[in-house]
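Take a look at the structure set out below.
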Amino acid sequence: IQLFKRENSPYDSARFFLRGIDENREYLITDIDGGEFTVSGKELVRDGFKLTITEQRVAKIFFYKKV
């Protein structure tokens, strides 16, 4: 998942519904800038992947994989 927040963006957060998610599995989400966490496939399908970025002019990259 690659995200960009532009300098004049009025938005602080976004929610993404990922394709191909298995509701019966857990997923490890890794931020390439550091940090990782596990989330259930059921939660990703139901709620999506929500990300909040408060800074301006930021690019973020996340990887996700089944565990």
Side-chain angles (χ1 to χ4, degrees):
I1 304 165
Q2 187 173 15
L3 305 154
F4 299 93
K5 183 175 179 187
R6 294 183 177 187
E7 184 174 3
N8 296 319
S9 175
Y11 304 104
D12 286 336
S13 64
R15 186 177 308 271
F16 303 91
F17 290 90
L18 309 174
R19 294 183 179 188
I21 298 296
D22 183 345
E23 291 186 36
N24 300 311
R25 300 288 301 266
E26 294 286 315
Y27 287 82
L28 178 66
I29 299 181
T30 304
D31 180 344
I32 67 163
D33 293 325
E36 60 186 23
F37 60 94
T38 304
V39 63
S40 72
K42 189 173 189 175
E43 184 178 341
L44 284 173
V45 169
R46 183 188 67 224
D47 301 331
F49 176 65
K50 183 177 179 185
L51 180 66
T52 300
I53 301 174
T54 56
E55 306 87 22
Q56 302 292 24
R57 294 188 60 172
V58 173
K60 300 290 284 178
I61 297 175
F62 292 87
F63 293 100
Y64 63 98
K65 67 178 180 178
K66 293 178 190 176
V67 291

For residues 1-28, which residue pairs qualify under ring pair (Phe, Tyr, Trp, His ring centres under 6.0 Å), counting only residues two or more places apart or in two chains? none

Report all side-chain donor-acceptor pairs from residues 44-67 shorter than 3.5 Å, counting only partners two or more places apart or in another chain.
residue	atom	partner	partner atom	Å
Gln56	NE2	Glu7	O	3.4
Lys60	NZ	Asp31	OD2	3.0
Lys60	NZ	Asp33	OD2	3.4

Salt bridge (Lys or Arg N to Asp or Glu O under 4.0 Å) pairs touching residues 9-23, sequence neighbours excluded, are Lys5-Asp12

